Amino acid sequence: MLEKTYRPAEVEERLYAAWEASGAFAADPRSTRVPYTIMMPPPNVTGSLHMGHALTFTLQDTLIRFMRMRGKDALWQPGTDHAGIATQMVVERQLAEKDIFPDRGQQGAPGQTLIGRDDFVARVWDWKAESGSTITRQLRRLGASPDWARERFTLDEGLSDAVRKVFVRLYREGLIYRDQRLVNWDTKLQTAVSDLEVQQVEVKGHLWHFKYPVEGAENTFVTVATTRPETMLGDTAVAVHPDDERYRGLVGRHVVLPIVGRRIPIVADPYADPETGTGAVKITPAHDFNDFEVGRRHGLDAINILDSRGRLNDTVPESYRGLDRFAARDKVVAEIESLGLLAGIEDHVHAVPHGDRSGTVLEPWLTDQWYVDAATLAKPAIEAVETGRTRFVPKHWENTYYEWMRNIQPWCISRQLWWGHQIPAWYGPDGHVFVAESEEEAAAEAAKHYGRTTALARDADVLDTWFSSALWPFSTLGWPEKTEHLARYYPTDVLVTGFDIIFFWVARMMMMGIHFMGEVPFRDVYIHALVRDERGQKMSKSKGNIIDPLDIIGKYGADALRFTLCALAAQGRDIKLAEARVEGYRNFATKLWNASRFAEMNGCAWDPGFDPAANRLQVNRWIVTELALRAEDIARAVEDYKFNEGANLLYHFIWGTFCDWYLEFIKPVLAEGGAAEQAETRATCAWVLGQLLHLMHPFMPFITEELWEGLTAGQGGRLISAPWPEVQAAACDRDAAAEMDWVVRLISTIRTVRSEMNVPAAAKISLVLKDAGATTKARMAKHMAAIERLARIDSATELSGAVPKGSVSAVLDEATLILPLAGIIDVAAEKARLAKEIAKAEGEMGRIEKKLASPGFVEKAPEEVVEENRERLAEYAAQKQKLSEALVRLSQA
RNA sequence: GGGCGCUUAGCUCAGCGGGAGAGCACUACCUUCACACGGUAGGGGUCGUAGGUUCAAUCCCUACAGCGCCCACCA
């Protein structure tokens, strides 16, 4: 006997272990079934499950379970990401607490070397070993069913091998190169970050206007403005627009840089906007992206004035050396002022680049870094979407993709970190670079190059973490080996992810997949909404506003959370998760549980040989038909990634049709029907319930598996491996369905009219469909007289056949009159109700009549629309007639 | 500055060229033997504003207002 309510905690762990042990998650490359692949976006290996994960993995699991049931050889490839900078930061913080400061000793950063690189990396591996199973354990709690045996990690030997091969090949193809450019430098993390990791933050700052004296011209100044005064120490020019009349005479002359005393040219460059400020702009090639370009055009020096920690270095006047950039800013302003060269200060709101991980102000900084020629790789990736080989769902994300891909900049892939794939490049004593897959290869090349064995130093940097994830769709399948998995499961069917990593990840997988596999990595990219916090803000690790899905799972069960996320996953809108929503769907799970309990109590046992097409009773033929139709709708919804539609169809069918109507209809049959009727009804009830458990399984895997086990007494196999219910054409009886729809509508009408009756729903239904049962009668002694009269009138009505319309409408008419007369409800109240209903019907009629009379409607509207309106008008007219008659009779009585 | 999205019941949100929906909350009644995590009935919305297209607009178009997000080098 099932408990009164479902207790998820008691079954989830047991069922999950059983699934995993049964091998149900595993794909089978030897199978004859059609392969279906989803690549799991690898979560941070040392991370923990947040609501965004819960959403994306729920949708993926729902899809993969659905496809598995649809007969596909489904591979959901799991794994984790080493998440370079994020993980390294965590470990550094841990070490800092223990007063062990690592020193990466690069880019001139001073500091103590308490532990070296190898020691540090070993400690990160320790941390990975300690916390690395957290996320996968949490995924299991969610019910995720990937092929765990194939779990990969981006720093695995195989994947690292793929990374080296890709790097070397791209280098040899000229698509990876080393270059000295400005990068976004994080002075706190001591590394370059990519453009995508930069967050522009609106900051209230100032615009300082400085006067630069023109050389050889007494009391002549050029006034420039800046938001970062300290950068003036690195100025190597002032630019004005070539057409700017005000400065025409000054171009080619020089100004003397205050404080520094450097003589710098006034150049003409269209970058200077005559409309902005004074029209003259200071040029600091080493510390501003625009200025860098201007400097390049005019052959200006790029003077790097900062060290890696954002302090002024030895290129600036003595008194500034070693000062922090912000201290230097104040000092520069003060000194300019004291020199009488401060022309003004304005308040100014502007965007300042911040590191999205460190939160510090980033500095454009001149360094040597490795770059990928993204523009070249992007071309075929753009074309793949244009030609529809990869499709975005919803489609409008294609625009986002195009916009970025068409304006893509060189991708800076080197990071000054220790945790990650170390770049496979070695330098000779003269700085000559050897890129190779191994140290031996590099040594051999060097020997050839130098004509003798030469000591090499490996590039200390590691690759951007997204470099390895870009290879994920093929590296996890075994590339560069030609594995059977690679041949069978690539290209994958769909990538499910949030829009926030379209650039970081999706675009790069497209580029790498096409380049190395010659084919797109996925057919569909389903971009789902972001789960936001209550203020509508993006949840992120650095903001610390994460709502823990595990709390929700603990409180309501994994199924409730999963169903909620599916029900809210409408395309194109973000999810602001409300806990009440989860509670509502938890209640839904309980409803399903109790429907099963009802079946169990009534001896409805699963019969594997049951043939729904052989049913005779109308209710049974009806529910089977309804089920078949819904199963089709649900499958279509999931295939179209309309998870909310699928979830809502199930919700309404199970609660609104199966429980509210079917189970109520069969109560009298199970209580008092003939033996054959009862047997058929029990079998049908069990069968329909069983099918519903199938349809529900991708959304709520745990409770359905548990109920299935109970329904089939453990003889039905596991739901996770069961086939999706087929539409039983022979069992579909549209006439029965239509007839029952009519009955349902009729009873609803009676309910509405008779709302004051306050009799139980079951009894109301019983008295319409057949003679009320003995137990019901006993409980209904108070209302017996009226019910018996109704029952006599309705004696011809049989549940097993078509319900004679005349009979039931007679019940309606009688009920309208008898119950008030029998004193069950108040006559005056009933009159008022009838009047109100009549008015309502008249209102509807008026609206429809107006529409039918509107010019052109009958001529131009589709035939069926016109017909539908006429029918509705007739229905309302009939209803009004009936209600009016009842009102008259009630008044006369 | 460019681009995208949103504005529907008290709250959180679906939906959509021809009868305004769900969950929660609210009201009334119901110890009912599947389920009070329940049942029945009910209240509550001129679908942001103004125009336009159409026989018909919450839905399509335009403008406006408000909100949000993404991208961008404005000194």
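Naming: A, B, ... by sequence-line order, numbering from 1 per chain. Just so we're clear, the structure is a prediction, and the values are computed from it rather than from any experiment.
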For a quick check of understanding: with a heavy-atom distance under 4.0 Å over all strands, which category does [X] fall into, base, sugar-phosphate or nothing?
X	answer
A:Lys282	nothing
A:Glu293	nothing
A:Ala351	nothing
A:Tyr651	sugar-phosphate

OP1 or OP2 of [N] versus the side-chain N and O atoms of [X]: is any pair under 4.0 Å?
X	N	result
A:Asn587	B:G38	yes
A:Lys591	B:G39	yes
A:Lys667	B:U32	no
A:Trp655	B:G39	yes

query: When Watson-Crick pairs (N1 to N3 and N6-O4 or O6-N4) and G-U wobble pairs (N1-O2 and O6-N3) count only below 3.5 Å on both distances, what is the dot-bracket string of RNA chain B, with | for other-strand pairs?
result: (((((((..((((....[..)))).(((((.......))))).....(((((..]....))))))))))))....

task: To the nearest 0.5 Å, tell me how far A:Thr497 OG1 sits from A:Phe499 CZ.
output: 10.5 Å

- request: Measure the acute angle between the ring planes of A:Phe588 and A:Trp655, then classify it against the limits of 30° and 60° as parallel, tilted or perpendicular.
  value: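 Parallel: the ring planes of A:Phe588 and A:Trp655 meet at under 30°.
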
Select one nucleotide: of [options], the one nearest the side-chain heavy atoms of [X].
X	options	answer
A:Met601	B:A22, B:G18, B:A34	B:A34
A:Asp273	B:C74, B:G2, B:C37	B:C74
A:Asn648	B:G19, B:A14, B:C35	B:A14

task: For the residue pair A:His209 and A:Glu346, confirm or rule out a side-chain donor-acceptor distance under 3.5 Å.
output: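 Yes, side-chain donor-acceptor contact under 3.5 Å.
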
Whole-Å distance between [N] [atom2] and [X] [atom1]?
X	N	atom1	atom2	value
A:Tyr402	B:C4	OH	P	15 Å
A:Trp397	B:C70	CH2	C1'	8 Å
A:Trp661	B:G39	CH2	C1'	12 Å

- prompt: Are A:Glu363 and A:Arg228 ion-paired here, with the side-chain N under 4.0 Å from a carboxylate O?
  reply: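 Yes, A:Glu363 and A:Arg228 are salt-bridged.
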
message: Could you check whether the side chain of A:Arg586 and the base of B:C37 have a donor-acceptor pair of N or O atoms closer than 3.5 Å, going by distance alone?
response: yes

